[in-house]
Novice: 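Quick one: this structure, given as structure tokens, is what I'll be asking you about.
For ligands, and for the atoms within them, numbers begin at 1 and follow the listed sequence. For clarity, every value in this text was computed on a predicted model and none was experimentally measured.
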Amino acid sequence: MLPSSPPTLNLTYFNISGRAEPIRLALHIANIPFTDTRLKAGWAETKPKTPYGQVPTLAITFPDTGGGTHTAAQADALLRYVARLADPVHGLYPVEDPLACLKIDELVRACDDVDALISPTMDEPDAEKKRAARRSLIAPDGRLTTFLTKVDRRLQADGYVLGGENPTIAELTWHGMLWWLKSGLLDGVPRDYVDGFERLAKLHERVDGHPKVREWKGRHQE
Ligand SMILES: N[C@@H](CCC(=O)N[C@@H](CS)C(=O)NCC(=O)O)C(=O)O
């Protein structure tokens with residue numbers, strides 16, 4: 001039986017945007033109250049208590065069921081869950097339209113592929129090798145450039161960018177990734193790299209200019 005009262009939510013992540021930011025933004029856009037727990041210390045203690053030794057996690061408590069809490073993980077799954085909790089009027093995820101959801105899910109997964117290209121460079125301890133690996137990714141024929149060119153083309157296809165008043169979860173996910181690529185935090189990736197991808201650059205600009213996103217970012221400068 002489905003619980004009748006909405007669950008209380010506690011999202012835990014580090015005090016950065018990272019994988020939690022699309023989830024935080026989705027909750028904020030949909031006016032869903034949540035506790036935004038940002039770990040500043042004590043990760044070693046918390047890690048073994050999480051399902052995969054990773055964050056983000058979402059602790060979900062249904063008041064109706066006597067206060068039992070389920071802690072879920074995996075950023076994309078959490079994002080989809082909060083989008084399903086949201087009133088459809090917010091346009092985050094068109095649950096009534098399987099094909100529209102498929103297109104959105106496809107784009108979310110494509111963003112994970114970008115993450116998989118960049119992640120190995122995060123683990124490289126040598127600063128010069130790290131920069132060289134990233135320069136190779138972003139070269140005109142580099143794997144990241146090639147992939148982003150395909151994503152940019154895909155955004156032209158019907159239903160991939162809905163262009164509604166609010167961003168979809170795919171647009172929120174890509175906004176997070178593009179923010180990272182543009183941030184200058186990735187040594188070796190120039191801040192203007194994303195400008196070479198017309199539709200992705202527009203997507204970032206559009207989501208970044210959304211009043212609720214601006215409001216949230218104004219409160220949580222990184
Ligand atoms: N597939 C997971 C990956 C989560 C992940 O890699 N989280 C990182 C932070 S972005 C983490 O918890 N790192 C700390 C650690 O592994 O000890 C997801 O999408 O949520």
Novice: Apply side-chain contact (heavy atoms from CB on, under 4.5 Å) to residues L58 and N10 and explain how you reach the verdict.
Specialist: CA-CA 6 Å; L58 185 68; N10 187 335; 5.9 Å; no
Novice: So for ligand 1, is K47 a polar contact partner (N or O within less than 3.5 Å, distance only)?
Specialist: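 Yes, there is a polar N/O contact under 3.5 Å.
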Novice: Between Y81 and D76, do the side chains contain a donor N or O and an acceptor N or O under 3.5 Å apart?
Specialist: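 No donor-acceptor contact under 3.5 Å links the two side chains.
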Novice: Can you tell which part of R19 has a heavy atom less than 4.0 Å from ligand 1: side chain, backbone, both or neither?
Specialist: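 Within the 4.0 Å criterion, R19 contacts ligand 1 through side-chain atoms alone.
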Novice: For Y52 and ligand 1, answer yes if some heavy atom of the residue is under 4.0 Å from a ligand atom, otherwise no.
Specialist: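 No, Y52 has no heavy atom closer than 4.0 Å to ligand 1.
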Novice: Pairs of nitrogen or oxygen atoms closer than 3.5 Å, one from A75 and one from ligand 1: do any exist?
Specialist: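 Yes, A75 has an N/O under 3.5 Å of an N/O on ligand 1.
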Novice: To the nearest 0.5 angstrom, please state how far the OG1 atom of T168 sits from the CD1 atom of I29.
Specialist: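 The CD1 atom of I29 is 10.0 Å from OG1 of T168, to the nearest 0.5 Å.
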Novice: Taking the side chain as C-beta and beyond, is there a heavy-atom pair between E215 and H28 under 4.5 Å?
Specialist: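 Touching, per the 4.5 Å side-chain cut-off.
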Novice: To check your reading of the model: name the closest protein heavy atom to atom 2 (C) of ligand 1, its residue, and the distance in Å.
Specialist: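 Looking at atom 2 (C) of ligand 1, the protein heavy atom closest to it is Q74 OE1, 3.0 Å.
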Novice: Are any non-hydrogen side-chain atoms of Y193 and L178 less than 4.5 angstrom apart?
Specialist: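 No, every pair of side-chain atoms sits at 4.5 Å or beyond.
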Novice: Mind checking whether P56 has a heavy atom under 4.0 Å from ligand 1?
Specialist: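 Contact present.
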Novice: In the single-linkage hydrophobic clustering (I, L, V, M, F, W, Y; side-chain heavy atoms under 4.5 Å), do M122 and L117 co-cluster?
Specialist: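 Yes, same cluster.
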Novice: Do me a favour and list the nearest non-hydrogen protein atom to atom 7 (N) of ligand 1 with residue, atom name and distance?
Specialist: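 Protein heavy atom with the smallest distance to atom 7 (N) of ligand 1: V55 O, 2.8 Å.
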Novice: Report yes if the distance between the aromatic ring centroids of W179 and H175 is under 6.0 Å, otherwise no.
Specialist: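 Centroid separation for W179 and H175: 6.0 Å or greater.
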Novice: At what distance is the nearest protein heavy atom to atom 10 (S) of ligand 1, and which residue and atom is it?
Specialist: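 Scanning the protein heavy atoms, the shortest distance from atom 10 (S) of ligand 1 goes to Y13 OH, 3.0 Å.
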Novice: What protein heavy atom is closest to atom 13 (N) of ligand 1, reported as residue, atom name and distance in Å?
Specialist: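 The protein heavy atom lying closest is F14 CE1, 4.1 Å.
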